[in-house]
Amino acid sequence: AGDIYQISLVGNTCMHHLFLGISPASLVHAPYTPAISQPLTLRASDYGIHIHKKGQLILLPNIAGYIGADTSGCLLALRQDLKEETTLLLDIGTNTEMILGNKHGLAACSAASGPAFEGAKIQCGMRGLPGAIDHVKYENGKWQYTTIENEKPTGLCGSGLIDLIAELLRTGLLDENGILHSGQVKADTFVLVPSGESQREIYLTQKDIGEVQLAKAAIAAGIRLLMKKQNVEETQVQIVYLAGGFGNYMNARNAARIGLIPENFAEKVSCVGNAAGEGAKIALLNKKERHEAEKAVQKIEFLELAACPEFQDCFVDELGFGK
């Protein structure tokens with residue numbers, strides 16, 4: 001450990017504050033501002049990290065209340081601020097962070113999308129672990145699925161949830177208002193994996209669908225309002241970067257089918273994996289690049305959706321599955 005001279009950390013605003021021993025209380029009350037936004041270079045030993053005795057700890061800046069140093073890491077990895085083409089970053093989670101723009105200007109927002117795509121609040125939901133159903137298709141009269149690492153199915157992760165809902169819509173078992181039907185009759189559960197095929201029955205409930213509608217509506221409304229702020233049309237967005245592990249599994253066409261992203265974004269999706277982690281590495285390897293990105297962060301315009309009068313109407317418009 002004595003051979004390590006620098007460590008770079010990124011995380012959301014709350015984790016950033018807790019790590020530094022700062023109260024995250026300011027993030028709970030309007031105007032939801034971080035206690036510390038600026039980039040930091042600290043002594044690692046002051047924070048219980050035992051590397052070289054003069055080792056440094058580098059933390060990238062927080063952008064806003066719910067857009068933390070992890071999003072700064074994504075920006076450092078992707079450098080949207082240097083690109084001629086207009087790009088959109090989406091980091092989908094309980095809060096979905098977004099950055100839209102190009103070298104002429106960037107704007108960011110955070111949509112409170114809830115934990116449905118991370119498996120929480122979904123009856124048979126789980127994280128993207130071995131055994132999670134990651135893809136679903138209705139083909140030749142049969143419901144087919146795959147699981148992570150081909151393990152026996154144990155639940156539905158976010159990408160499997162999106163696929164299942166998209167296929168239920170396609171087959172007419174789910175209507176555009178989000179109501180499940182079994183034939184012509186209203187149903188409140190759809191069984192994907194009967195208990196005989198798995199240790200447990202894996203199914204989707206009417207309540208689960210409601211949770212997905214809330215999550216996807218928040219994200220879709222955030223995208224729409226961010227585009228409006230930047231005066232950007234859907235057709236002008238040339239690349240949609242999808243950050244985080246979830247993006248590696250997500251079927252973009254099905255995400256568009258359920259209304260999570262606009263339809264013509266499906267062909268533009270580029271999965272960039274752990275972009276925040278890549279940014280943390282660049283922060284260590286290239287001081288000049290790090291300082292450039294820190295300056296770019298200061299110029300990002302922030303759209304506070306909670307204070308946006310149009311958000312509620314936009315959110316309600318996006319709740320259904322109708323095209």
Side-chain angles (χ1 to χ4, degrees), residues 1-22 24 27 33-83 87-93 95-103 105-110 239-248 270-302:
D3 293 336
I4 298 170
Y5 290 85
Q6 276 188 330
I7 286 180
S8 172
L9 288 179
V10 296
N12 66 42
T13 327
C14 185
M15 293 298 151
H16 172 281
H17 283 28
L18 291 172
F19 176 81
L20 293 175
I22 298 167
L27 305 175
T33 46
I36 290 183
S37 293
Q38 70 267 31
L40 299 171
T41 302
L42 307 165
R43 276 169 46 148
S45 58
D46 290 349
Y47 293 87
I49 295 174
H50 303 295
I51 51 173
H52 187 276
K53 62 184 178 185
K54 290 188 178 176
Q56 291 179 324
L57 188 58
I58 292 166
L59 286 97
L60 290 172
N62 291 313
I63 297 171
Y66 291 103
I67 310 181
D70 49 351
T71 310
S72 293
C74 291
L75 185 70
L76 181 48
L78 301 169
R79 293 313 301 266
Q80 290 170 275
D81 59 304
L82 299 181
K83 290 185 165 57
T87 66
L88 172 68
L89 163 72
L90 291 176
D91 190 353
I92 297 174
N95 282 309
T96 294
E97 296 86 18
M98 312 177 195
I99 300 180
L100 172 69
N102 55 27
K103 68 180 189 181
L106 296 172
C109 75
S110 174
I239 307 170
V240 179
Y241 294 117
L242 209 57
F246 172 66
N248 293 330
S270 170
C271 295
V272 290
N274 184 5
E278 286 304 310
K281 290 179 197 171
I282 295 165
L284 286 177
L285 296 170
N286 193 323
K287 194 175 180 179
K288 179 174 175 286
E289 189 98 348
R290 183 174 93 230
H291 290 325
E292 273 183 30
E294 287 168 355
K295 282 179 191 163
V297 161
Q298 290 172 354
K299 293 179 191 166
I300 293 176
E301 288 188 68
F302 173 59

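Only a predicted model underlies this, so the values are computations on that prediction, with no experimental measurement involved. Index from 1, following the sequence.
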For residues 57-80, the ring pair (Phe, Tyr, Trp, His ring centres under 6.0 Å) pairs (sequence neighbours left out) are none
Inter-residue atom distance [X].[atom1] - [Y].[atom2], 0.5 Å rounding:
| X | Y | atom1 | atom2 | answer |
| --- | --- | --- | --- | --- |
| Leu100 | Gln80 | CG | CD | 8.0 Å |
| Leu57 | Leu59 | CG | CG | 5.0 Å |
| Thr13 | Leu18 | OG1 | CG | 10.5 Å |
| Asp70 | Leu9 | CG | CG | 12.0 Å |
| Ile63 | Ile300 | CD1 | CD1 | 4.0 Å |
| Leu82 | Glu289 | CG | CD | 7.0 Å |

Tightest non-hydrogen contact, residues Cys74 and Ala243, listed as SG-CB, 4.2 Å
Of all heavy-atom pairs linking Cys109 and Phe302, the shortest is CA-CE1, 4.2 Å
Could you go through residues 35-51 and list every donor-acceptor pair under 3.5 Å that involves a side-chain atom there, pairing it with any protein atom two or more places apart or in another chain?
none

Using atom types as modelled, flag every donor-acceptor pair under 3.5 Å from a side chain in residues 274-282 to any protein atom, sequence neighbours excluded.
{"from": "Asn274", "atom 1": "OD1", "to": "Gly277", "atom 2": "N", "distance (Å)": "2.9"}
{"from": "Glu278", "atom 1": "OE2", "to": "Lys281", "atom 2": "NZ", "distance (Å)": "3.1"}

- Message: Strictly distance-based, threshold 3.5 Å: is any side-chain N or O of Ser110 a donor or acceptor partner for the main-chain N or O of Asn95?
- Response: no
Next on the checklist: So does Ile239 get a backbone contact from the side chain of Thr87, meaning a donor-acceptor N/O pair under 3.5 Å?
Outcome noted: no
Sorted by chain and residue number, the salt bridge (Lys or Arg N to Asp or Glu O under 4.0 Å) partners of Glu292 (sequence neighbours excluded) come out as Arg79, Lys288
By side-chain contact (heavy atoms from CB on, under 4.5 Å), Ala296 pairs with (sequence neighbours left out) Leu75, Asp81
The side-chain contact (heavy atoms from CB on, under 4.5 Å) partners of Ala283 (sequence neighbours excluded) come to Ser8, Leu60, Leu76, Arg290
Q) Do Leu27 and Cys14 come close enough that some side-chain heavy atom pair is under 4.5 Å? A) yes
side-chain contact (heavy atoms from CB on, under 4.5 Å) with Leu106: of Leu89, Ile99, Val297, only one passes, and it is Ile99
